[in-house]
A.B. asks: 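Mind looking over this structure? Questions follow.
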Amino acid sequence: MAGLTDQASPQVTEGSLDILRETAANPGSRLAGRAERRALIEWEGGSVTVGRARELLQLEPAQLRSQIAEGSPEELEAFLENLARRELLVASAEAEGLRPGRDSVDVLVEDARGQLREATRMLGLLALERAPGEELEVAVSRAVEEALADILTGATQVVPLGIVSFRLREGRSSTILGTGVGQVIVDVAEIRTARQLSPVEGIAVDSAVAGREEDPGR
């Protein structure tokens, strides 16, 4: 690893740190082709572009992305150098004919499919119930709204989609309307206010009430 890096001598390009911060803060944002191809760190025969860094950042947990977005220049340079080392190692391995076999790739693909199937099952979309004459798109929208309400009320857990969520956003354009944000906040508050206590919360409340009855001064 050290030999590969020393030989290539990757250099951080001017203005890259600010671009990296912005990319880490908004890894799902769309960029023009030219912006995607801009090199953040480069060496003879290769580079880590904005698009590649964005793709890798989407694989990282949100906590790390936040740290990068607020990181010092030294920390950001170290992160870019680490990405360069990773790319150099992959290029060196491929040059030696080291590539994952078809079977290994198929296993990863099938595992990803299994995770998506489990996510759709948890959200109630795998066995979608449709009313007589109900269009599929309408049934899906209804099921998604019900799933979101269940998550907001604590009836079900958030289903992590990881990088799939970024790919879904890239599949179609969307715009956040400022006038709709307030309404969403109101709707969420109403859903949470109307929810029933979960069994765990009910036990906690019963215990608190019993404690007050035993000790009125509490």
Side-chain angles (χ1 to χ4, degrees), residues 20 23-33 35-37 40 46 48-69 79 82-176 184 188 191 198 200:
L20 178 60
T23 304
N26 302 285
S29 60
R30 291 189 172 189
L31 299 173
E36 286 262 328
R37 293 189 295 271
L40 297 176
V48 176
T49 64
V50 175
R52 178 59 174 160
R54 184 170 71 98
E55 184 181 63
L56 294 172
L57 284 168
Q58 290 175 356
L59 295 169
E60 301 292 350
Q63 183 178 2
L64 177 58
R65 294 198 297 267
S66 298
Q67 291 175 355
I68 295 172
F79 179 76
N82 183 55
L83 293 186
R85 281 193 295 269
R86 182 186 302 186
E87 297 297 305
L88 286 166
L89 181 61
V90 170
S92 177
E94 289 183 343
E96 296 293 333
L98 299 175
R99 293 182 177 87
R102 183 70 254 174
D103 291 344
S104 299
V105 175
D106 290 342
V107 168
L108 293 174
V109 171
E110 186 57 34
D111 181 63
R113 288 174 177 166
Q115 292 182 41
L116 289 175
R117 283 195 297 268
E118 179 62 15
T120 57
R121 185 194 65 77
M122 292 177 64
L123 293 174
L125 300 175
L126 193 60
L128 187 64
E129 295 183 1
R130 296 167 60 183
E134 185 179 31
E135 296 290 338
L136 177 60
E137 186 174 351
V138 174
V140 170
S141 297
R142 173 175 50 78
V144 169
E145 289 182 3
E146 291 175 355
L148 289 173
D150 287 342
I151 291 172
L152 289 171
T153 59
T156 59
Q157 296 180 346
V158 175
V159 179
L161 295 179
I163 196 171
V164 175
S165 63
F166 292 101
R167 294 293 181 261
L168 290 174
R169 284 200 289 270
E170 289 178 349
R172 63 173 60 187
S173 60
S174 60
T175 303
I176 297 177
V184 169
V188 170
I191 291 173
S198 67
V200 174

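Since we're looking at a predicted model, the values are computed, not measured. Note: hydrogens, waters and symmetry copies are ignored here, and every other heavy atom, side chains too, is used.
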A.B. asks: Is the side chain of Q58 donor-acceptor paired with the backbone N or O of P27 at a distance under 3.5 Å, no angle test?
C.D. replies: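 It does hold such a pair.
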A.B. asks: Show the nearest heavy-atom pair for residues T49 and E36, with the distance to one decimal.
C.D. replies: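 Minimum heavy-atom contact is CB-O, 3.4 Å.
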A.B. asks: Side-chain contact test, heavy atoms from C-beta onward, threshold under 4.5 Å: evaluate it for I191 versus L148 and give yes or no.
C.D. replies: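 In short, these two side chains do not touch, never coming nearer than 4.5 Å.
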A.B. asks: Please name the pair of heavy atoms, one in A69 and one in A24, separated by the smallest distance, quoted to 0.1 Å.
C.D. replies: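 Closest approach of A69 to A24: N-CB, 3.9 Å.
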A.B. asks: CZ of R121 to CG of L116: how many Å apart, nearest 0.5 Å?
C.D. replies: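 Between atom CZ of R121 and atom CG of L116 there are 13.5 Å.
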A.B. asks: Locate the shortest heavy-atom distance separating V105 from R102; write the atom from each residue and the value.
C.D. replies: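 Nearest heavy atoms, V105 then R102: CG1-NH2, 3.1 Å.
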A.B. asks: Do the side chains of F79 and L40 get nearer than 4.5 Å, heavy atoms only?
C.D. replies: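 SC-SC contact between L40 and F79 ruled out.
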A.B. asks: Can you find a heavy atom in the side chain of N82 that is under 4.5 Å from one in the side chain of R86?
C.D. replies: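 Counting from C-beta outward, N82 and R86 do come under 4.5 Å.
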A.B. asks: Looking at A143 and L125, what are the two nearest heavy atoms and their distance?
C.D. replies: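 For A143 and L125, the tightest heavy-atom pair comes out as CB-CD2, 3.3 Å.
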A.B. asks: Mind checking the CD-CG spacing from E110 to L108? Nearest 0.5 Å is all I need.
C.D. replies: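 Result: 11.0 Å between the selected atoms.
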A.B. asks: Assess whether a salt bridge exists between R142 and E135, defined as any Lys/Arg side-chain N lying under 4.0 Å from an Asp/Glu carboxylate O.
C.D. replies: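 Salt bridge between R142 and E135, a charged N being under 4.0 Å from a carboxylate O: no.
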A.B. asks: A side-chain contact here means heavy atoms from C-beta on lying under 4.5 Å apart; do L57 and L20 qualify?
C.D. replies: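 With C-beta onward as the side chain, the pair touches.
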A.B. asks: With no hydrogens and no angle check, is any side-chain donor or acceptor of R65 less than 3.5 Å from a backbone partner on E60?
C.D. replies: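 Side chain of R65 to backbone of E60, a donor-acceptor pair under 3.5 Å: yes, one is there.
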A.B. asks: Quick one: pull up CD1 in I151 and CE in M122 and give me the separation to the nearest 0.5 Å.
C.D. replies: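 Reported to 0.5 Å precision, the distance equals 8.0 Å.
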A.B. asks: Do S141 side-chain atoms and E137 backbone N/O form a donor-acceptor pair below 3.5 Å?
C.D. replies: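 Yes.
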A.B. asks: Which value, rounded to the nearest 0.5 Å, describes the distance between L83 atom CG and L88 atom CG?
C.D. replies: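 Here the interatomic distance stands at 11.0 Å.
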A.B. asks: Indicate yes or no: at least one non-hydrogen side-chain atom of L136 is less than 4.5 angstrom from one of R130.
C.D. replies: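 Yes. Closest side-chain heavy atoms under 4.5 Å.
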